Amino acid sequence: MPATLTPPAADPAASVRAGAVPRRRTRLLALPEVRRAAAATALFLLALPLQLAGAPALIWGALYVLSYATGGWEPGWEGLKALKGRTLDVDLLMVVAALGAASIGQVMDGALLIVIFATSGALEALATARTADSVRGLLDLAPATATRIAADGTEQTLPVDELAVGDTVLVRPGERVGADGRVLDGASEVDQTSITGEPLPALKEPGDEVFAGTLNGTGALRVRVERDASDSVIARIVRMVEEASETKAPTQLFIEKVEQRYSLGMVAATLAVFGVPLAFGEAFSEALLRGMTFMIVASPCAVVLATMPPLLSAIANAGRHGVLVKSAVAMERLGQIDAVALDKTGTLTEGTPRVVDVRPLRERGLDEVELLTFAAAAEHPSEHPLARAVVDAARERGLDLPATEGFTSAPGIGVMAVVGGRTVQVGAPARLLAEAEAEVEVEVEAKCAADAGGDTDGVVAALVRELEESGRSAVLVVVDGTPAGVLGIADRLRPDAAATVAALTVLTGTAPTLLTGDNPRAAARLAAEAGVEDVRAGLLPQEKVGAVRELEGAGRRVMVVGDGVNDAPALAAAHIGIAMGRAGSDLALETADAVIVRDELVAVPATVALSRRARELVVQNLVIAGVFIAGLVVWDLAGTLPLPLGVAGHEGSTVLVGLNGLRLLRDSAWKRAAAEGTGTPAGAAEL
């Protein structure tokens with residue numbers, strides 16, 4: 001097992017953690033929406049205390065006017081352009097509502113509406129810009145230059161964009177691969193986390209495929225270019241994320257789907273309520289008062305508020321419990337899902353290799369402690385993920401590791417060191433067995449004991465086969481040229497993985513699907529432990545997207561849960577995407593609609609259940625608002641509804657639905673959601 005390579009300091013990409021996207025952050029004030037919102041807010045905050053302190057109206061009034069102009073001019077202008085195209089834009093309605101409030105003396109209320117509206121637009125613009133930053137930053141994983149080997153053997157450094165299919169490039173130890181291609185010569189282990197999402201480097205030998213942006217190990221590779229830079233896997237990931245984000249159906253809250261028609265209907269009805277009685281001889285003042293009253297009681301304030309408080313309360317409650325849901329739309333969509341696709345490494349599993357089996361060959365005189373001590377001491381100087389797993393296992397058992405001498409590492413084979421005067425090799429069973437067999441044959445020939453070595457090889461081969469068939473990576477330990485035992489290394493299932501799979505099955509009615517770039521045996525083992533039956537292994541990013549679209553083509557609303565760069569296209573393509581926050585790549589975190597900040601997988605079904613509870617409250621609120629609006633409108637049209645009573649009824653219904661939505665802020669709401677997610681009685685957590 002070769003040591004993991006510490007990339008040279010000269011390589012700027014080496015500082016980027018595996019799978020992460022280098023940061024290219026758009027500056028906040030570079031966005032015009034942010035500048036407008038900040039200015040409008042500042043002016044409002046200057047005017048409000050002056051108004052409350054009794055300063056001259058001319059001063060605070062001027063500040064409010066500037067706040068109106070700063071925050072409302074652009075959306076108002078866009079709304080007028082939309083109106084020209086025969087569309088009643090919500091932006092224009094917001095500005096008109098603010099101006100209407102000002103016209104009846106509620107200048108501060110109108111300014112506050114402008115500030116809230118401008119801030120919402122700024123947050124949306126910022127989220128869009130940050131996602132674009134991460135998509136563009138993904139291209140930084142691939143190096144800017146590569147070393148091309150000419151036909152006469154000379155080397156030339158040139159931009160990767162100038163590489164052509166058929167060129168041969170040299171990838172030195174610690175460098176990132178410059179283009180998708182196939183190995184012609186050399187052997188090395190390559191970290192492919194950015195493509196496959198798997199934590200262990202893959203051995204690359206002549207004939208094996210390599211991908212642009214992956215990190216080479218200790219060996220040098222000569223690679224024949226097989227794809228243009230614009231068609232590399234990493235470039236295709238970028239395109240897939242962008243295309244999935246652009247082609248995703250426009251996301252709207254439920255109430256926004258009827259807002260356009262309701263607004264048009266309300267405007268038309270208000271004009272009719274004012275104009276018809278006036279045409280039949282009613283006094284102008286009475287017709288105007290009736291029309292104003294109708295406009296107030298029919299205003300959709302309570303209807304709009306029916307939606308936002310439950311969803312925002314659910315977002316706040318989920319945030320307190322380690323789940324960041326990025327928008328009300330995302331919270332609403334969580335409750336709509338009826339299918340789930342899970343990544344394996346870093347999502348269902350911890351994402352870190354661990355020693356799960358220690359199998360000494362008893363006839364060699366070593367027990368488990370001694371075998372692990374020898375292996376950990378030999379691996380201690382290495383930084384390879386498997387080496388760290390062996391050393392961590394020894395430390396967890398409190399073992400004292402003796403000093404080592406003469407440490408060496410060979411790509412694709414393993415490490416060798418002298419531990420306590422004995423030569424210890426740790427690495428790939430196939431390679432080390434071949435070497436050990438050769439040495440044993442010489443020894444056997446000298447001692448005329450021809451069958452001793454063969455029995456050992458048979459036992460070791462059986463152990464290796466048993467571990468590999470169970471989805472573990474087998475590591476052979478050879479002491480003084482003789483096999484001494486085998487270690488089984490695997491990525492451990494998260495403690496809450498099985499419970500999460502069961503809960504999601506209850507919530508959606510179907511068991512989740514496992515989508516992974518790992519090999520089928522390892523995937524099948526983990527899936528069996530977690531309770532997943534539909535396993536799709538060995539998938540590249542575009543194949544994960546294909547699996548998601550296949551499910552959606554069958555009429556399913558799919559939630560994807562993942563953590564890596566390779567999961568980002570699927571997260572973008574899904575109905576809703578959730579990223580694991582602690583080890584998640586920057587691209588996955590930016591692309592996803594929600595982030596599990598604490599990496600508690602069981603929070604996923606709890607959040608889905610909380611979203612469904614929020615949707616129930618939205619329906620309740622719409623019924624309450626509808627009853628109030630209908631009653632007040634009938635009263636106004638059939639009789640004489642006093643304006644103060646109409647205002648009181650309208651505002652009362654607004655307050656009532658707001659308070660009903662705020663019920664989801666309580667901790668008991670999360671407890672009930674968590675109980676619903678697992679199918680257990682909520683008990684005292686009932687709302």
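Small disclaimer: the values here were computed from a predicted structure and weren't measured.
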(message) Which label fits H321 and W670: parallel for a plane angle under 30°, tilted from 30 to 60°, or perpendicular past 60°?
(response)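 Geometry flag for W670 against H321: parallel rings.
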Is there side-chain contact between [X] and [Y], with at least one heavy-atom pair below 4.5 Å?
{"X": "E332", "Y": "R615", "value": "yes"}
{"X": "V115", "Y": "L45", "value": "no"}
{"X": "T500", "Y": "R494", "value": "no"}
{"X": "D599", "Y": "E350", "value": "no"}
{"X": "I596", "Y": "V604", "value": "yes"}
{"X": "V595", "Y": "K326", "value": "yes"}
{"X": "L311", "Y": "V325", "value": "no"}

(request) Inspect the contact between R613 and E616 and indicate whether a charged nitrogen and a carboxylate oxygen are less than 4.0 angstrom apart. (result) yes
(request) For the pair E529 and R525, find out whether any cationic side-chain nitrogen is under 4.0 Å from an anionic carboxylate oxygen. (result)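 A salt bridge links E529 with R525.
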(message) Please find the pair of heavy atoms, one from G346 and one from D491, that lie closest to each other, and give the distance.
(response)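 G346 and D491 have their closest heavy atoms at N-OD2, 4.4 Å.
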Looking at [atom1] of [X] and [atom2] of [Y], how far apart are the two atoms once the value is rounded to the nearest 0.5 Å?
{"X": "L540", "Y": "Q542", "atom1": "CG", "atom2": "CD", "value": "5.0 Å"}
{"X": "I337", "Y": "L507", "atom1": "CD1", "atom2": "CG", "value": "7.0 Å"}
{"X": "L342", "Y": "K344", "atom1": "CG", "atom2": "NZ", "value": "12.5 Å"}
{"X": "L665", "Y": "I315", "atom1": "CG", "atom2": "CD1", "value": "11.0 Å"}
{"X": "R557", "Y": "R333", "atom1": "CZ", "atom2": "CZ", "value": "8.0 Å"}
{"X": "L493", "Y": "L526", "atom1": "CG", "atom2": "CG", "value": "5.5 Å"}

(message) Can you tell me if E533 has over 12 outside heavy atoms packed within less than 6.0 Å of its CD?
(response) no
(message) Testing the 3.5 Å rule here: is there a donor-acceptor pair between the side chains of T510 and R556?
(response) yes
